[in-house]
Asker: 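First the structure, then my questions, so here it is.
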Amino acid sequence: MNNEEFLSRQTNDPSFENIWQEMQWRGLIQVSTDEAKLEEALSGDPINYYCGFDPTAASLHLGHLVQLLVLRRLQLAGHHPVALVGGATGLIGDPRQTSERSLNTRDTVEGWVDSLRSQIEHYLSFDGDNGATMVNNLDWTGGLSALDFLRDIGKHFRVGTMVRKEIVASRLDSDEGISYTEFSYQVLQGMDFMELYRRHNVTLQTGGSDQWGNLTSGTELVRKVEGEHVHAIGTPLITNADGTKFGKSEGNAIWLNPEMCSPYTFYQFWLNTADADVVERLKVFTFLSRAEIAEYEQKVVDEPFRREAQRRLAWEVTSLVHGEDQTQRAIDASAALFGRGDLESIDVTTLHAAGAELPSAEQSDLGERMTIIDLLVATGLEKSKSSARRTVGDGGAYLNNTKIEDPEHIFTATDALHNKYFVVRRGRRNLGFIDLDSASN
RNA sequence: GGCAGAUUACCCAAGCGGCCAACGGGGGCUGACUGUAAAUCAGCUGGCAUUGCCUUCACAGGUUCGAAUCCUGUAUCUGCCA
């Protein structure tokens with residue numbers, strides 16, 4: 001199944017009067033410009049709209065996925081998406097709440113632009129009347145001189161307004177302050193909206209509500225320069241009900257790039273969604289209809305132990321990002337490793353395939369003496385021997401589903417499953433895999 | 001450019017010459033309990049050859065038997081003044 005085929009199976013829910021209503025229901029609109037006018041615009045003839053993605057890493061993450069899905073939902077409603085990659089803004093970096101960013105080199109950013117671009121293409125259709133358009137804001141800023149920038153663009157921005165933007169104000173208020181570079185970011189993003197309005201008649205920008213200051217910077221500029229009222233939608237920040245940060249697993253970001261986050265890890269992330277969050281996640285991250293989601297909502301209440309909502313969520317999102325084949329492999333691996341059955345009873349082929357999905361190590365990564373400490377560190381489950389020792393002391397170390405309490409005990413191939421595999425576990429659900437065979441051949 | 005203050009582990013934040021691998025909180029990890037959920041309670045949270053040793057309190061030097069703590073210089077940040 002190619003990508004266009006996969007995309008063609010996605011639909012908006014026809015039970016909604018229009019896409020605005022559906023997005024409201026899915027909780028995708030935290031703030032926006034004039035609601036009534038926006039709803040009208042989105043219910044009428046196709047409009048052109050955009051969302052920007054800055055290359056600040058080699059891959060997009062789950063926060064970006066929300067935006068990509070918003071783009072896709074609007075495209076399904078007949079509108080024309082423009083996906084912007086921030087080749088220019090990525091060189092500057094938008095101000096973060098916490099601290100000043102360190103600048104990345106031009107080469108690095110250029111490389112990230114390419115990888116982001118290919119990731120974005122996966123989520124939008126490029127066929128038909130409203131096929132997506134890709135742009136890079138370096139195209140209109142790269143050749144712009146500082147003087148032209150200050151005269152033509154800067155003149156439209158009031159420092160008083162810029163300083164009052166929430167993110168700028170809070171940074172000014174912090175110990176660290178803010179550099180002129182990051183302070184200027186909002187001007188660049190405002191300029192993007194104006195350029196896209198001129199070049200592609202773009203009249204709506206979507207983005208995270210944390211970007212609201214930058215979004216309105218664009219609508220204001222277009223109004224001042226072009227005399228046109230254009231729109232902006234800010235999506236809510238996705239948060240976990242228990243107050244932890246969404247989109248992190250073991251402190252690592254969940255990336256969309258399979259090299260940086262395996263489909264297995266990705267699947268597990270979604271499967272571990274809390275009951276309190278799962279319905280909201282289904283609304284935001286899947287194309288399931290209102291009726292279907294209502295059914296899952298009931299199941300969470302009636303039979304939470306079945307975790308059907310979580311399973312469906314994990315299936316849908318993993319398939320969307322990694323494809324159905326990869327998802328099925330992640331499920332098979334999960335079933336083998338978390339299943340009730342004895343690990344001994346799993347056949348070699350299944351075990352081998354499951355192991356491939358886990359962080360793994362080979363004989364060559366290990367010394368002669370294999371203790372549980374060595375195995376935990378070799379698989380990356382623990383980052384130091386001290387830490388591994390603590391875990392053993394806590395009673396959280398397992399080898400082939402057996403708790404290991406002696407940190408000095410030496411294991412050999414005869415302890416391994418089928419004489420060659422070790423399944424190492426830290427805690428309830430962090431697994432690693434060791435294949436003793438792969439070193440010998 | 002001048003003056004003053006700040007810089008402690010993932011984050012916030014104590015410490016003001018030995019009792020400091022460094023209080024406390026947050027976060028994180030593990031255990032009990034469970035549904036690969038949440039809540040609650042408990043333990044842990046620099047490294048290693050783990051009853052001991054090593055490296056950490058912005059960076060580089062210095063004083064001292066001994067420094068996160070005192071001195072000098074450098075960097076960065078903040079405030080006030082120019």
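Convention: sequence-line order gives letters A, B, ...; per-chain numbering from 1.
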Asker: Which value, in whole Å, describes the distance between the C1' atoms of nucleotides A21(B) and A32(B)?
Answerer: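 Straight-line distance between the two C1' atoms is 30 Å.
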Asker: Between G26(B) and A37(B), how far is it from one P atom to the other, in whole Å?
Answerer: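 Comparing P positions in G26(B) and A37(B) gives a spacing of 22 Å.
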Asker: What distance, rounded to whole Å, do you find between the two C1' atoms, one in G1(B) and one in G66(B)?
Answerer: 41 Å
Asker: Holding to ring-ring contact (aromatic ring centres under 6.0 Å, His included), I want the full list of residues that pass it with F411(A), two or more places apart in sequence or in another chain.
Answerer: H409(A)
Asker: When the P atoms of C10(B) and C23(B) are compared, how many Å lie between them, rounded to an integer?
Answerer: 14 Å
Asker: Taking the C1' atom in each of A9(B) and U45(B), what is the distance between them to the nearest angstrom?
Answerer: 10 Å
Asker: Who pairs with Y421(A) by ring-ring contact (aromatic ring centres under 6.0 Å, His included), at least two apart in sequence or on another chain?
Answerer: H352(A), F433(A)
Asker: Sequence neighbours excluded, which residues qualify as ring-ring contact (aromatic ring centres under 6.0 Å, His included) partners of F193(A)?
Answerer: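 Listed in chain order: Y50(A).
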Asker: Taking the same atom, P, in U34(B) and in A49(B), what whole-Å distance lies between them?
Answerer: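 Here U34(B) and A49(B) have their P atoms 37 Å from each other.
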Asker: Expressed as a whole number of angstroms, how long is the span from D394(A):CG to G31(B):P?
Answerer: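 Spelled out: CG on D394(A) to P on G31(B) is 8 Å.
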Asker: Test of understanding: with side-chain hydrogen bond (donor to acceptor under 3.5 Å, both in side chains), list the residues that count as partners of Q310(A), not counting sequence neighbours.
Answerer: D275(A)
Asker: Nearest heavy atom decides the nucleotide; on that basis, is Q268(A) or K403(A) closer to the 5' end of RNA chain B?
Answerer: K403(A)
Asker: When the P atoms of C59(B) and A68(B) are compared, how many Å lie between them, rounded to an integer?
Answerer: 12 Å
Asker: Decide yes or no on salt bridge (charged side-chain N to carboxylate O under 4.0 Å, His left out) for E324(A) and R9(A), but give the supporting numbers first.
Answerer: CA-CA 13 Å; E324(A) 295 184 350; R9(A) 298 194 308 189; 2.6 Å; yes
Asker: Rounded off to whole Å, could you give me the CG-to-C1' distance for the L376(A) and C29(B) pair?
Answerer: 13 Å
Asker: Whole Å only: how far is the CG atom of D277(A) from the C1' atom of A37(B)?
Answerer: 10 Å
Asker: Looking across every strand, which nucleic acid part, if any, lies under 4.0 Å from A274(A) by heavy atom: base, sugar-phosphate, or nothing?
Answerer: sugar-phosphate
Asker: List the atom pairs, donor and acceptor, that lie under 3.5 Å between side-chain atoms in residues 143-154 of chain A and the rest of the protein, sequence neighbours left out.
Answerer:
| unit_1 | atom_1 | unit_2 | atom_2 | d |
| --- | --- | --- | --- | --- |
| S145(A) | OG | L147(A) | N | 3.4 |
| S145(A) | OG | D148(A) | N | 3.0 |
| S145(A) | OG | D148(A) | OD2 | 3.3 |

Asker: Taking CG from N430(A) and C1' from G31(B), how many angstroms apart are they, rounded to a whole number?
Answerer: 14 Å
Asker: If you take any heavy atom closer than 4.0 Å to RNA chain B, which residues from residues 305-317 of chain A end up in contact?
Answerer: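 Output list: F305(A), R307(A), Q310(A).
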Asker: Kindly confirm or rule out a cation-pi arrangement of R329(A) over Y264(A), judged by NZ or CZ under 6.0 Å from the six-membered ring centre and within 45° of its axis?
Answerer: no
Asker: Rounded to whole Å, please give me the gap between CG in D275(A) and P in U34(B).
Answerer: 16 Å
Asker: Got L256(A) and L62(A) here, is their nearest side-chain heavy-atom distance under 4.5 Å?
Answerer: yes
Asker: Please tabulate the protein-to-nucleotide N/O contacts below 3.5 Å involving nucleotides 7-10 of chain B, giving atom names and distances.
Answerer:
none

Asker: When you measure from the side-chain N and O atoms of R428(A) to the phosphate of C33(B), is any distance below 4.0 Å, counting only OP1 and OP2?
Answerer: no
Asker: Nearest whole angstrom, please: distance from the C1' of U30(B) to the CD1 of I372(A).
Answerer: 14 Å
Asker: Could you run through nucleotides 47-55 of chain B and give me one letter per nucleotide, 5' to 3': B if any protein heavy atom sits under 4.0 Å from the base, S if only the sugar-phosphate is that close, - if neither?
Answerer: SBSB-----
Asker: Cation-pi between R117(A) and F53(A): NZ/CZ under 6.0 Å from ring centre and within 45° of the ring axis?
Answerer: no
Asker: Going by side-chain contact (heavy atoms from CB on, under 4.5 Å), name the residues that satisfy it together with R281(A), two or more places apart in sequence or in a different chain.
Answerer: I238(A), N240(A), F246(A), W270(A), T273(A), D277(A), F285(A), L313(A)
Asker: Could you tell me how far U69(B) sits from G15(B) if I compare only their P atoms? Round to whole Å.
Answerer: 15 Å
Asker: Out of Q10(A), E4(A), R72(A), which one pairs with S125(A) under the side chain to side chain donor-acceptor pair (under 3.5 Å) rule?
Answerer: E4(A)
Asker: Please map the stems of RNA chain B, keeping only stretches of three or more Watson-Crick or G-U wobble pairs with both distances under 3.5 angstrom.
Answerer: B:1-7 with B:75-81, B:10-12 with B:24-26, B:27-32 with B:40-45, B:46-48 with B:52-54, B:58-62 with B:70-74
Asker: Taking atom P of G28(B) as reference, at what distance in whole Å does atom CZ of R429(A) sit?
Answerer: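 My rounded result for the distance is 11 Å.
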Asker: Can you name the residues that form a ring-ring contact (aromatic ring centres under 6.0 Å, His included) with H156(A), not counting sequence neighbours?
Answerer: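 H156(A) satisfies ring-ring contact (aromatic ring centres under 6.0 Å, His included) with no other residue.
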Asker: What residues, two or more places apart in sequence or in another chain, satisfy side-chain hydrogen bond (donor to acceptor under 3.5 Å, both in side chains) together with S262(A)?
Answerer: T265(A)
Asker: Show the nearest heavy-atom pair for residues I346(A) and H418(A), with the distance to one decimal.
Answerer: O-NE2, 3.0 Å
Asker: In terms of the nearest nucleotide of RNA chain B, which residue is placed more toward the 5' end: V300(A) or A397(A)?
Answerer: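 So the residue in question is A397(A).
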Asker: Figure out the CD/P separation between E405(A) and G31(B), and round it to whole Å.
Answerer: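 Those two atoms, CD and P, are 12 Å apart.
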Asker: If we check side chain to side chain donor-acceptor pair (under 3.5 Å) with D192(A), which of these qualifies: T89(A), N137(A), T141(A)?
Answerer: N137(A)
